[in-house]
Amino acid sequence: MTNADGPEFTEPLHVGRPNLGDRDRFRQRIEGALDRQWLTDGPLVAEFEAALAEVTGTGYCVAMCNATAGIQVAARASGLVAGDEVLVPGFTWVATAHALDWIGIVPVFCDVDEVSGTIDPDHAERLIGPRTRGILGVHVFGHPCEIDRLAELAWRHDLVVLYDAAHGIGCTYRGSPIGGFGTAEVFSFHANKYVNSFEGGAIVTNDAVVAGRARAMRNFGITPDRKVAFAGTNAKLTEGAAAMGLTSLESMPDFAAANRANHRRYRAGLAGVPGISVREQADGEVANHQYLVIEVDAALAGIHRDRLHELLTRNNVLSRPYFHPACHQLLPYADRPDRHAPLPLPRAEALADRVLALPTGTAVTATDIDRISDLIRRLVPNGC
Ligand code: T4K
């Protein structure tokens with residue numbers, strides 16, 4: 001099944017190869033920081049925050065050292081406390097649940113819509129109990145949650161709604177940028193995200209009180225008048241990271257064009273391969289196509305996702321089964337069903353069993369994609 005002459009690619013092709021912006025602009029910014037001798041939480045961070053607020057059409061942005069810390073600070077700044085239960089989707093990266101669990105908030109796992117992969121509002125409503133205080137939706141792979149329905153649900157049950165928008169920068173919901181929904185949304189700018197700041201994140205919100213609390217909480221709870229108002233953490237962003245984030249944001253249109261072209265090319269290259277489909281973004285919305293995810297229907301393809309993943313890896317296509325196992329199937333959640341949703345979550349698990357992320361982004365060429373598509377065609381037994 002694999003190439004008898006050796007792997008298809010001599011060099012590994014990674015999922016998550018960083019998109020790099022203009023190196024000269026980045027270097028200039030770093031030189032500026034060195035000249036100013038201001039290395040963290042300074043003018044570049046402020047500029048990055050202003051740019052993010054503008055791109056997302058939000059009133060306030062608080063840059064963070066990563067999205068995991070961002071979710072924690074956003075939860076605390078929104079009034080959630082240890083012992084509260086928050087509804088989260090089962091299909092997500094483990095950071096969504098860990099962020100809450102780490103600060104004593106109990107993630108209660110809900111099933112997802114099988115097509116969008118986002119939290120199912122109907123299932124979420126059935127899981128609301130006396131300790132439920134919030135919903136943390138995830139715009140998984142940039143596909144927006146059912147925001148209007150979640151807002152309505154939260155209004156009826158007096159819940160805080162937060163969004164893990166780690167994948168969502170540059171995407172829209174009903175034509176408006178992801179970022180301005182719920183009490184707050186949290187972006188990730190990890191190296192392998194669409195926009196990156198090496199590591200980084202940001203909380204965006206239209207709520208001045210939440211923004212003020214988040215700003216203080218990321219800096220040990222210190223308010224602008226230098227008083228410690230409440231418990232905080234250290235989740236500040238460095239000037240170097242902000243320099244990268246700003247440079248990356250400037251190149252967003254180029255990244256978008258590359259990702260869109262890659263998505264089209266994979267779709268064409270994989271057309272007609274039995275049991276293989278490219279996941280699509282939401283109809284009528286702007287998408288960043290940060291992740292190129294295929295679904296493998298083992299019965300139709302004649303090969304399971306895990307085997308395809310193994311064979312691709314042998315050929316130096318380092319695909320990733322994002323997100324398998326589903327979050328609720330991972331420790332420490334899998335062995336605490338008493339504290340979480342009744343298991344199983346069939347749609348989240350079915351999705352987790354089929355998905356496979358393939359290399360995309362600016363580091364991948366059209367020829368690479370053609371070769372990866374041809375390789376998959378050859379590896380799928382029912383396609384021969
Ligand atoms: N919520 C959601 C829904 C998320 O997906 C994430 C993170 C978060 C919250 C939390 O955001 P942060 O706290 O990270 O800001 C990665 C990332 O570490 C993680 O940020 C991301 N989601 C998750 C989906 O993927 P790994 O362990 O799979 O990544 P890693 O480091 O193995 O890299 C993946 C591939 O990228 C490798 O083949 C190598 C390549 N790579 C990686 C890096 C770092 C490069 O080519 N260059 C690089 O610099 O978790």
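In listed order, ligands and their atoms are each counted from 1.
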How far is [atom] from its nearest protein heavy atom, and which residue and atom is that?
atom	answer
atom 9 (C) of ligand 1	Asp164 OD2, 3.4 Å
atom 40 (C) of ligand 1	Val15 O, 3.6 Å
atom 27 (O) of ligand 1	Trp93 CH2, 3.8 Å
atom 37 (C) of ligand 1	Arg320 NH2, 3.6 Å
atom 38 (O) of ligand 1	His14 ND1, 2.9 Å
atom 46 (O) of ligand 1	Arg17 NH1, 2.7 Å
atom 17 (C) of ligand 1	His190 CE1, 3.4 Å
atom 25 (O) of ligand 1	Tyr322 OH, 3.3 Å

With a 4.0 Å cut-off on heavy atoms, is [X] touching ligand 1?
X	answer
Gly201	no
Tyr291	yes
Phe323	yes

If the cut-off is 4.0 Å to any non-hydrogen atom of [X], which atoms of ligand 1 fall inside it?
X	value
Ala95	8 (C), 9 (C), 10 (C)
Thr68	10 (C), 12 (P), 13 (O)
Ser188	11 (O), 12 (P), 15 (O)
Asn66	13 (O), 15 (O)
His167	2 (C), 3 (C), 4 (C), 5 (O)
Gly200	15 (O)
Gly16	36 (O), 40 (C), 41 (N), 45 (C), 46 (O)
Asn192	16 (C), 17 (C), 25 (O), 29 (O), 33 (O), 34 (C)

SB check [X] [Y] (cutoff 4.0 Å):
X	Y	value
Glu125	Arg149	no
Arg314	Glu310	yes
Arg218	Glu49	yes
Asp24	Arg27	yes

Shared ILVMFWY cluster between Phe109 and Ile103, side chains joined below 4.5 angstrom?
-> yes

Residue pair [X] / [Y], side-chain heavy-atom distance below 4.5 Å:
X	Y	result
Asp148	Tyr173	yes
Leu379	Leu312	yes
Thr233	Gln72	no
Ile30	Met244	no
Met252	Val195	yes

Does an N or O anywhere in [X] fall below 3.5 Å from an N or O of ligand 1?
X	result
Leu318	no
Thr92	no
Ala67	yes

Which donor-acceptor pairs under 3.5 Å do side chains of residues 281-294 form with protein atoms, sequence neighbours excluded?
{"from": "Gln281", "atom 1": "NE2", "to": "Phe141", "atom 2": "O", "distance (Å)": "3.1"}
{"from": "Glu285", "atom 1": "OE1", "to": "Thr172", "atom 2": "OG1", "distance (Å)": "2.7"}
{"from": "Glu285", "atom 1": "OE1", "to": "Arg174", "atom 2": "N", "distance (Å)": "3.1"}
{"from": "Glu285", "atom 1": "OE1", "to": "Gly175", "atom 2": "N", "distance (Å)": "3.2"}
{"from": "Glu285", "atom 1": "OE2", "to": "Arg174", "atom 2": "N", "distance (Å)": "2.6"}
{"from": "Asn288", "atom 1": "OD1", "to": "Gln290", "atom 2": "N", "distance (Å)": "2.8"}
{"from": "Asn288", "atom 1": "ND2", "to": "His167", "atom 2": "O", "distance (Å)": "3.0"}
{"from": "Asn288", "atom 1": "ND2", "to": "Ile169", "atom 2": "O", "distance (Å)": "2.8"}
{"from": "Gln290", "atom 1": "OE1", "to": "Tyr194", "atom 2": "N", "distance (Å)": "2.9"}
{"from": "Tyr291", "atom 1": "OH", "to": "Lys193", "atom 2": "NZ", "distance (Å)": "3.4"}

Is Glu152 atom CD crowded by more than 12 heavy atoms from other residues, nucleotides or ligands, each under 6.0 Å away?
-> yes

Which is closest to atom 19 (C) of ligand 1 by heavy-atom distance: Met64, Gln72, His98, Lys193?
->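 Residue with the shortest heavy-atom distance to the ligand atom: Lys193.
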
Under the 6.0 Å and 45° cation-pi test, does Arg347 pair with Phe91?
-> no

Verdict with supporting geometry, Asn19 and Thr362, side chain to side chain donor-acceptor pair (under 3.5 Å) | CA-CA 6 Å; Asn19 293 324; Thr362 51; 2.9 Å; yes

